[in-house]
Amino acid sequence: MPKAYDPHAMEAALYQMWLDKGYFKPRTVPDREPFCIIMPPPNVTGELHLGHALTATVEDTLIRWHRMLGDPTLWVPGVDHAGIATQNVVEKQLAKEGMSRHDLGREAFVERVWKWVGQIRNRIVLQHMRLGVSCDWDHEIFTLDDGPQRAVRETFVRLYNEGLIYKGKRIVNWCPRCMTAISDLEVEHEETQGHLWYVRYPLLDDADHPTNEYVTVATTRPETIVGDVAVAVNPDDQRWKSIIGRKALLPIIERHIPIVADDAVATDFGTGAVKVTPGHDPTDFDIGARHNLPIIVAMNTDATMNEEAGPYNGLDRFQTRELIVKDLDRLGLLDHVEDHTLSVGHCERCDTIVEPLVSEQWFVKTQPLAEPAIEVVRSGQIQIIPRSFERTYMHWMENIRDWCISRQLWWGHRIPVWYCGNGHVIASVDDPTQCATCGSNELAQDPDVLDTWFSSGLWPFSTLGWPEQTPDLNNWYPTSVLETGYDILFFWVARMIMLSLFDTGKIPFRHVYLHGLIRDAEGRKMTKSRGNVVDPLVITEKYGTDAVRFTLATSGTPGNDFRLFDEKLERSRNFANKLWNASRFVIQSMGGERVSLPNESLIDSADARRDWPLEDRWIVSRTQATAAEVNKLLTDFQLNAAGGVLYDFIWNEYCDWYLEMAKVRLKDSDKSPLPILAYVLQASLRLLHPIMPFVTETVWQHLRDNVEGLEEALIIADYPLGGETDAEADADVELLIDVVRAIRNIRAERQVDAGRFVEAYVVADTAREMLDAAAPLVEALARVRPFHVVATPADAPSDQVASAVLDKAQVILPLAGLIDLDAERARVQKQLDEAQAHVNRISGKLNNGDFRAKAPASVIAREEESLTAAQSRLAALQQRMSELG
RNA sequence: GGGCGAUUAGCUCAGUUGGUUAGAGCGUCUCGCUUACACCGAGAAGGUCGAAGGUUCGAGUCCUUCAUCGCCCACCA
């Protein structure tokens with residue numbers, strides 16, 4: 001085994017071995033609850049980013065843990081066709097060739113996208129493999145595969161037949177660059193510095209002739225004036241009451257428009273009078289509906305103005321804005337202009353400013369779907385981790401609005417609706433050949449495709465074969481955990497819950513684990529434009545997969561963002577190296593001889609271990625406690641804490657203390673520590689494997705050559721559950737460690753040569769026997785010789801000594817020539833002050849009658865115990881102080 | 001306009017039913033003899049837990065108000 005752990009030496013080979021042996025495939029285990037995760041499908045065009053790496057780490061950790069627990073496990077990988085994103089990529093390629101998709105035509109274009117997808121689809125798979133994901137690749141699925149296609153059509157038709165999908169002319173968010181409608185969620189609002197233009201609309205008299213009176217309206221988008229069909233005021237607004245029912249003359253267009261009263265108009269904004277443009281504004285659309293106003297859409301799909309815009313026909317919307325302001329000013333109708341901050345919607349995909357406009361689209365009526373989706377979270381059938389996001393979820397669900405699902409794209413799931421020549425509408429799972437109503441066979445399919453998130457919403461069950469009642473569906477659904485970033489709670493998680501309940505009547509998963517965003521070292525979001533994006537493959541190359549996984553698993557808590565930087569990755573890499581070297585030491589110590597692990601009945605019973613050397617009893621006890629703790633933390637989805645516990649156990653307890661203690665017995669092999677060294681090591685490997693699969697499996701394979709009875713591969717080995725601890729051994733070693741630390745501390749402060757052995761006394765009462773037996777350990781760890789364990793301070797020298805007082809023992813080091821009395825007094829005084837403060841604090845608490853009356857007995861008992869210890873410590877320090885004079 | 005989160009050591013973060021003298025990693029300082037590891041070992045310094053009130057025998061943890069930062073949702077043109 002080389003001196004430093006080299007991640008690259010083994011990772012690829014190990015992954016191939018796992019794959020070849022079929023370890024990722026689900027096993028059927030009777031009487032064990034199945035554990036299933038459906039992987040969030042990355043965009044087929046995408047590169048693996050840190051979010052994917054985090055998801056992969058968390059999911060793989062849970063999957064590997066459950067697999068080792070002996071549960072049947074299935075982890076389904078998948079890829080998303082990513083409608084707009086993918087179409088955009090291919091359109092950009094075409095643009096470079098001087099073409100648009102329209103030059104190719106729909107069929108050829110879609111073919112071209114498939115070709116591109118075929119080329120790159122494997123890339124994301126290979127990148128995932130680098131992270132060690134143990135998913136069942138035979139289950140891999142694409143959103144445009146036949147199964148999911150069928151699930152999409154089935155769902156659409158069912159929703160349609162129940163009246164939960166409808167087509168209508170409504171105001172939608174329109175992206176003029178993508179040339180499609182998008183949903184509310186796909187609009188990103190951005191605070192922008194803009195203007196508020198105040199425009200005068202002349203009032204008409206009874207004979208429709210212009211008067212000298214005006215109504216002044218304020219607008220942030222003057223180009224939409226050409227689509228105005230009314231002016232609205234609040235019915236209670238005294239300023240405008242008198243003009244309600246009159247007409248105004250729309251500037252430029254010279255349309256006669258009514259003045260209506262509507263509660264939606266605020267009296268404290270602008271002039272209190274608002275222009276009404278139902279074709280281009282959501283609020284106005286509603287006002288228009290209430291007052292039966294016509295809808296005028298004055299723009300084309302690319303956001304140039306159309307013939308409704310009169311003189312501006314053909315011009316760009318922002319060019320029109322400038323021109324119309326000039327024109328209004330020239331006409332004397334521009335009252336004034338104010339600076340104004342407003343929230344402008346941008347397309348999530350391409351950042352183009354979104355234009356609200358009326359268009360005929362397909363919608364899902366979401367409220368009936370939301371009600372049961374609220375209930376399953378409220379009742380706890382689905383638990384969101386962290387819990388705080390349940391409120392966010394509820395808030396959104398309770399205020400949910402209809403979902404625009406049609407997209408004017410070519411790449412995606414085409415809407416399964418056909419129109420016959422006689423205007424009949426057919427929604428059908430299978431392509432129809434004739435109209436069900438009139439028998440016409442002139443059928444044309446709706447040209448639109450569905451929002452990508454529609455198919456994503458079916459993912460937990462469409463991947464398992466639904467609508468067929470497949471064995472997979474029966475075995476694995478509902479799934480166990482859904483892991484993703486909190487940023488797609490609404491996009492994805494909410495829709496999965498709604499559509500799962502609608503389609504299957506069951507929840508899609510029991511737990512939703514939401515991770516936070518990974519930020520750069522300065523806490524900024526990672527973006528391509530900022531150039532601060534960390535590529536998971538680059539850091540994997542630099543630090544090793546295990547280090548990346550350990551960092552991602554332990555850096556944050558669910559739902560909270562965290563920063564990623566090199567020092568964290570270094571720490572994780574060092575941890576892998578630490579484990580590697582401890583393993584090397586253990587294996588080398590075996591000297592090629594095969595070691596048998598201690599009998600399991602001994603390991604499982606603290607009583608049976610009673611005759612063992614203290615340090616063995618202790619480290620086995622600690623192993624049992626650690627295993628139990630790790631299982632509990634993983635059950636609670638506290639991966640960061642589980643990783644932390646293992647880090648502490650392996651590094652501090654096993655390496656820093658037990659290994660050093662074991663070296664004493666390795667020298668004279670009276671009772672070899674090798675079985676226990678090996679036992680704890682193999683247990684640690686098992687416990688750590690879900691988070692750091694590569695280094696643990698590598699060591700495991702080495703260890704198998706030297707230790708009897710280890711399973712053929714760690715990935716399928718049993719996971720330790722923890723067992724009986726040994727409180728006595730725990731307490732004894734705790735004291736032992738304190739004694740060693742106290743001696744080391746004195747040595748360091750008195751600047752005793754590191755190599756020099758010094759004489760030491762320990763004054764102890766009940767612990768004397770234990771310390772006597774442990775003398776060889778103290779001698780080796782603290783570099784002490786001879787080591788005296790005595791009953792009272794009187795049995796130890798008091799002149800030219802340095803001392804430390806512990807709760808259950810005192811340490812006394814005769815250091816003739818190295819003792820500075822003043823320094824020693826200061827040392828003892830400092831300890832004395834601390835001890836005094838401690839005693840005061842506890843006795844104050846215990847003297848408080850309320851505390852005695854109201855605190856639980858166990859708390860009082862513990863306080864009394866620590867008071868006794870603190871008092872004896874204080875007394876010993878006072879004694880020592882008086883000796884110092 | 002609503003809602004949520006953060007604020008703990010120089011830095012990055014833990015701290016899950018309120019209960020020992022609040023922890024870790026990195027960084028800093030001192031020292032390094034050794035059958036694993038310098039990607040290491042030993043020792044040390046460093047915090048009135050954002051502020052102010054309150055509840056409680058007891059508050060980093062619960063409540064109220066405020067401050068700063070961040071995020072989400074929302075049709076005030």
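Below, read A as the first sequence line, B as the second, and so on, with proteins coming before strands; counting in each chain starts at 1.
When heavy atoms are screened at a 4.0 angstrom cut-off, T392(A) is found touching no nucleic acid atom at all. Contact annotation for P356(A): no contact, since no heavy-atom pair falls under 4.0 Å across all strands. Contacts of T554(A) with the nucleic acid, taken as non-hydrogen atoms under 4.0 Å apart, are absent. Heavy atoms of D487(A) sit nowhere under 4.0 angstrom from any nucleic acid atom. Backbone-only engagement by D656(A) is indicated by non-hydrogen atom pairs under 4.0 Å involving sugar-phosphate atoms exclusively. V265(A) comes within 4.0 angstrom of a nucleotide base, judged by non-hydrogen atoms across all strands. Residue contacts for E567(A): at a heavy-atom cut-off of 4.0 Å it reaches the sugar-phosphate backbone alone, with no base atom in range. Contact annotation for K542(A): no contact, since no heavy-atom pair falls under 4.0 Å across all strands. The residue R401(A) sits close only to the backbone: its heavy atoms come under 4.0 Å of sugar-phosphate atoms, none of a base. Here L659(A) lies in heavy-atom contact (under 4.0 Å) with a base. Note on Y5(A): nothing from the nucleic acid sits closer than 4.0 angstrom, heavy atoms only. Within the 4.0 angstrom heavy-atom criterion, only backbone atoms of the sugar-phosphate kind lie near W651(A); the bases stay farther away. R584(A) comes within 4.0 angstrom of sugar-phosphate atoms only, judged by non-hydrogen atoms across all strands, and of no base. If you check every strand for non-hydrogen atoms under 4.0 Å, F575(A) touches nothing.
With salt bridges taken as basic N to acidic carboxylate O contacts below 4.0 Å, one links E864(A) and R852(A). Salt bridge annotation for E570(A)-R573(A): absent, with no cationic side-chain nitrogen under 4.0 angstrom from a carboxylate oxygen. Residues E355(A) and R221(A) are paired through a salt bridge, judged by an N-O separation under 4.0 Å between the basic side chain and the carboxylate. Salt bridge annotation for R290(A)-D286(A): absent, with no cationic side-chain nitrogen under 4.0 angstrom from a carboxylate oxygen.
Screening D284(A), D228(A), D281(A) for a salt bridge (charged side-chain N to carboxylate O under 4.0 Å, His left out) with K275(A), the sole residue that qualifies is D228(A).
Atom-to-atom, CG of L185(A) to P of C75(B) comes out at 11 Å; the value is rounded to the nearest Å. The CG-C1' distance, from N581(A) to U34(B), rounds to 15 Å in whole Å. Per the geometry, CZ belonging to F851(A) stands 12 Å off P belonging to A59(B), to the nearest Å. One interatomic measurement links the two molecules: CD1 of I650(A) to P of G25(B), which rounds to 15 Å at whole-angstrom precision. Atom-to-atom, CZ of F550(A) to P of C26(B) comes out at 12 Å; the value is rounded to the nearest Å. Rounded to an integer number of Å, the gap from CD of E522(A) to C1' of C69(B) is 16 Å. Distance, L806(A) CG to U21(B) P: 18 Å, rounded to whole Å. Atom P of nucleotide C71(B) and atom NZ of K525(A) are separated by 8 Å, given to the nearest angstrom.
The environment of CD in E398(A) is crowded: more than 12 heavy-atom neighbours from other residues, nucleotides or ligands sit within 6.0 Å.
Both V752(A) and H189(A) lie close to RNA chain B; mapped to their nearest nucleotides by heavy-atom distance, the more 5′-ward contact belongs to V752(A). When each of C655(A) and R841(A) is assigned the nucleotide of RNA chain B with its nearest heavy atom, R841(A) is the one assigned upstream, toward the 5' end.
Distance check on atom P: C39(B) versus U7(B) gives 34 Å, rounded to whole Å. Nucleotides G43(B) and A59(B) place their C1' atoms 34 Å apart, quoted to the nearest Å. Straight-line distance between the P atoms of C75(B) and U12(B): roughly 36 Å, to the nearest whole Å. For the P atoms, the distance from C13(B) to G18(B) is 26 Å, rounded to whole Å. Taking the C1' atom of each, A6(B) and G50(B) are spaced 11 Å apart, rounded to whole Å. With both ends at atom C1', the span from G10(B) to U21(B) equals 23 Å, rounded to whole Å. To the nearest whole angstrom, the two P atoms, one in G19(B) and one in G2(B), are 35 Å apart. U55(B) sits 49 Å from G41(B) when the P atoms are compared, rounded to a whole Å.
Both distances falling under 3.5 Å, in either a Watson-Crick or a G-U wobble arrangement, place G70(B) opposite C4(B). Across the strands present, C11(B) finds its partner in G25(B); the criterion is a Watson-Crick or G-U wobble pair with both atom distances under 3.5 angstrom. With a cut-off of 3.5 Å on both Watson-Crick or G-U wobble distances, the partner of G19(B) is given as C57(B).
An OP1 or OP2 oxygen of C40(B) is reached within less than 4.0 angstrom by a side-chain nitrogen or oxygen of N574(A). In this model, the phosphate group of A36(B) is approached by a side-chain N or O of K663(A) to a distance below 4.0 Å at OP1 or OP2. Proximity of K578(A) to the phosphate of G41(B): a side-chain N or O atom is located under 4.0 Å from OP1 or OP2. Side-chain nitrogen and oxygen atoms of N745(A) include at least one within less than 4.0 Å of the OP1 or OP2 phosphate oxygen of A44(B).
Side-chain atoms of K3(A) stay outside donor-acceptor range of the base of C37(B), with no qualifying N/O pair under 3.5 Å. Residue E660(A) places a side-chain atom within donor-acceptor reach of the base of A36(B), judged by atom type and a 3.5 Å distance cut-off alone. Side chain R783(A) to base C33(B): a donor-acceptor pair is found below 3.5 Å.
The side-chain heavy atoms of W240(A) and V231(A), taken from C-beta on, include no pair separated by under 4.5 Å.
For the pair K663(A) and F585(A), the distance from NZ or CZ to the six-membered ring centre is under 6.0 Å and the angle to the ring normal is within 45 degrees.
Checking G19(B), C37(B), C76(B) against every side-chain atom of N577(A), the shortest atom distance belongs to C37(B).
Summarising the geometry, atom CZ belonging to R524(A) is positioned 9.5 Å from atom CE belonging to M526(A); distances are rounded to the nearest 0.5 Å.
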